[in-house]
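A short write-up of the structure that comes next.
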Amino acid sequence: MKKRPLIATYYFPNWHCDPRIEALHGKGWTEWRVAQHATPRFPGHIQPRVPLWGYQDESRPEVMAQKIAAARNYGVDAFIFDWYCFNDGPYRERALNEGFLAAPNRQEIQFALMWCNHDPIYAHPGSYWKPAEKNWDGETISPKTFRKWCDYYIAHYFNQPNYLRVDGGLYFSIWNPEKMVDGFGGKTAAAALFRELRDKVAKAGLGELNLNARGSWWDRTPGWLESEEKKFREYGFNSFSAYQWNGFGEEFPAMEYRVWMSRGLPEQEENCRRFTLPYSPIACAGWDSSPRTVQSDMYEPRGYPFSPVAVNNTPEYFQQALQFLKELYDSGVCKSEMIVVPCWNEWTEGSYLEPDTRYGYGYLQAIKNTFGTEKTSRKERSE
């Protein structure tokens, strides 16, 4: 029997107080405020989405312990934390540092980092009339900043016994590789910095680094993916992943989830087949970024976060997507050891596995129904 894939999920850490965010919205603000004040924007639109566990503070170890226990019980093996940093330092890091790393059961699940080098405007309500201001530059990361915080990674995260190792090395992902390469001064400088990081990881006795490029892979013209892979190989990346399915069409304001799925899953198979480096295919639980718009504005196609909403994203349909990826993995087409599910808790993008008041633990149960758990998988292999 083929080994069960490792199931990972992205973790969005904006459900705790952060000084930078409070400076914009006031003392005590978290993105739960956005989720709580979401309203239906068209007939049949389900909002607000309400967490079954309530509006928790993820920086508390006991809260994170509940998340870890649920993840493991339903077959999730790893959290990939979105990690945000500007040239003057990180933010939103308390969920990881104070919550996850202090949780009494933290060793029961693996974790990794994805450096999210994008502007923070994407996590705040967007106005119809006024384009979101770029209050900070989250895209341009200097070589000095990269070195400083990668040294911090090695000392505080990479050396943890439960840091994720997959596809041959310590998993470390970059949200927007092209922007990071540009900030470093181009391909040659970026390749040198990435080699330097690899050498530091090896010198620390941590083995190989699996440097992962997160991408959208929009263009499906013949040969394009191959040219992308060649470029990223030259930069020094080992593997690829994605954060959401492509496949948004002209439908607005609503798009049937099963239609989105029918567009997104074939691309996952194509990426697995055409990339020679490991590509971790994804199954998306849903999409609804409407809470991130000013609720009193009209809901029209103005670009993100005024995006089409994937409606009828039931756990049953989600399980069909997972089953597609399981068959892809079992067939040997998938070169990666890992399947990724976006996301654990992106409530204001309608992309979450955490239980809600509508479907309960339905999305998590879909994972368990499809893949079982690591524990049950080991038992099956032993028999």
Side-chain angles (χ1 to χ4, degrees), residues 4-14 58 64 67-68 71-72 75-85 90 92-103 105-118 141 146 149-177 180 194 197-198 200-202 204-215 232 236-244 277-283 334-346 351 353 367 371 374:
R4 172 188 182 274
L6 186 146
I7 307 300
T9 183
Y10 296 117
Y11 187 101
F12 176 66
N14 205 29
E58 64 192 348
M64 195 61 75
K67 299 174 187 291
I68 292 168
R72 297 303 290 122
V76 176
D77 304 300
F79 289 149
I80 302 173
F81 281 88
D82 295 349
W83 198 86
Y84 297 84
C85 184
R92 295 178 179 163
E93 76 276 20
R94 291 180 56 228
L96 174 58
N97 292 343
E98 299 177 23
F100 181 84
L101 292 179
N105 58 346
R106 69 185 180 94
Q107 297 292 348
E108 295 179 10
I109 195 168
Q110 299 177 75
F111 79 102
L113 305 180
M114 177 168 64
W115 191 321
C116 290
N117 56 324
H118 63 72
I141 304 301
F146 185 77
W149 290 105
C150 284
D151 288 346
Y152 183 88
Y153 289 162
I154 292 170
H156 293 86
Y157 303 136
F158 290 174
N159 64 350
Q160 298 287 336
N162 59 328
Y163 193 88
L164 175 63
R165 292 178 181 271
V166 67
D167 296 332
L170 285 167
Y171 184 92
F172 175 43
S173 186
I174 307 295
W175 168 268
N176 192 329
M180 186 163 280
F194 292 147
L197 174 58
R198 290 183 185 284
K200 288 180 177 179
V201 169
L206 299 174
E208 294 293 325
L209 178 71
N210 176 6
L211 187 61
N212 176 268
R214 195 247 22 141
F232 282 108
F237 287 92
N238 301 87
S239 61
F240 301 108
S241 61
Y243 203 81
Q244 287 292 340
L277 290 175
Y279 172 83
S280 299
I282 63 172
C334 180
K335 304 174 186 69
S336 175
E337 302 165 350
M338 182 167 72
I339 288 172
V340 181
V341 181
C343 297
W344 177 259
N345 62 338
E346 194 115 27
S351 177
L353 297 175
I367 293 176
F371 297 104
E374 186 181 57

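Index from 1, following the sequence.
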Taking the side chain from [X] and the backbone from [Y], do they hold a donor-acceptor pair closer than 3.5 Å?
| X | Y | answer |
| --- | --- | --- |
| Arg4 | Phe371 | yes |
| Ser239 | Pro278 | no |
| Arg198 | Gly236 | yes |
| Ser351 | Glu346 | no |
| Asn238 | Leu211 | yes |
| Arg92 | Pro13 | no |

Option among Trp83, Tyr153, Tyr163, Phe172 that satisfies the ring pair (Phe, Tyr, Trp, His ring centres under 6.0 Å) test with Phe111: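 Going through the options one by one, the only one that passes is Tyr163.
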Close side-chain approach of [X] to [Y], heavy-atom, < 4.5 Å:
| X | Y | result |
| --- | --- | --- |
| Lys200 | Cys150 | no |
| Phe12 | Cys343 | no |
| Leu164 | Leu6 | yes |
| Arg72 | Asn105 | no |
| Tyr243 | Val340 | no |
| Tyr84 | His118 | yes |
| Leu96 | Leu113 | yes |
| Trp175 | Asp82 | no |

Measure across [X] and [Y] and return the closest heavy-atom pair with its distance rounded to 0.1 Å.
| X | Y | value |
| --- | --- | --- |
| Val166 | Tyr171 | CG1-CD1, 3.6 Å |
| Ala242 | Tyr279 | CB-OH, 3.6 Å |
| Met338 | Pro281 | O-CD, 3.7 Å |
| Pro342 | Gln244 | CB-NE2, 3.9 Å |
| Met64 | Ala95 | CE-O, 3.4 Å |
| Gly168 | Glu208 | O-CB, 3.4 Å |

Can you tell me how far the [atom1] atom of [X] sits from the [atom2] atom of [Y], to the nearest 0.5 Å?
| X | Y | atom1 | atom2 | answer |
| --- | --- | --- | --- | --- |
| Ile80 | Gln110 | CD1 | CD | 10.5 Å |
| Leu101 | Glu93 | CG | CD | 11.5 Å |
| Asp77 | Glu337 | CG | CD | 12.0 Å |
| Tyr10 | Ser241 | OH | OG | 3.5 Å |
| Leu209 | Phe194 | CG | CZ | 9.5 Å |
| Ser173 | Arg214 | OG | CZ | 8.0 Å |

Test side-chain hydrogen bond (donor to acceptor under 3.5 Å, both in side chains) applied to Gln160 - qualifying residues, sequence neighbours left out: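 With neighbours one apart ignored, the set is Arg106.
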Among residues at least two apart in sequence or on other chains, which ones pass side chain to side chain contact (heavy atoms under 4.5 Å, CB included) with Asn176?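 Counting only residues at least two positions away or on another chain, Asn176 forms a side chain to side chain contact (heavy atoms under 4.5 Å, CB included) with Asn117, Glu178, Lys179.
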Who are the side chain to side chain contact (heavy atoms under 4.5 Å, CB included) partners of Leu206, not counting sequence neighbours?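 By the side chain to side chain contact (heavy atoms under 4.5 Å, CB included) rule, Leu206 matches Ile154, Phe158, Asn159, Arg165, Leu170, Val201, Ala204.
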Report the relative orientation of the aromatic rings in Tyr11 and Phe79; use parallel for angles under 30°, tilted for 30 to 60°, perpendicular for over 60°.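 It falls in the tilted class, 30° to 60°.
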In terms of ring plane angle, is the pair Trp115 and Phe146 parallel, tilted or perpendicular, where the classes change at 30° and 60°?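 Because their plane-to-plane angle is under 30°, the rings of Trp115 and Phe146 count as parallel.
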Exercise: do Asn97 and Tyr157 side chains pair donor with acceptor under 3.5 Å: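 Checked: Asn97/Tyr157 side chains pair up, N/O donor to acceptor below 3.5 Å.
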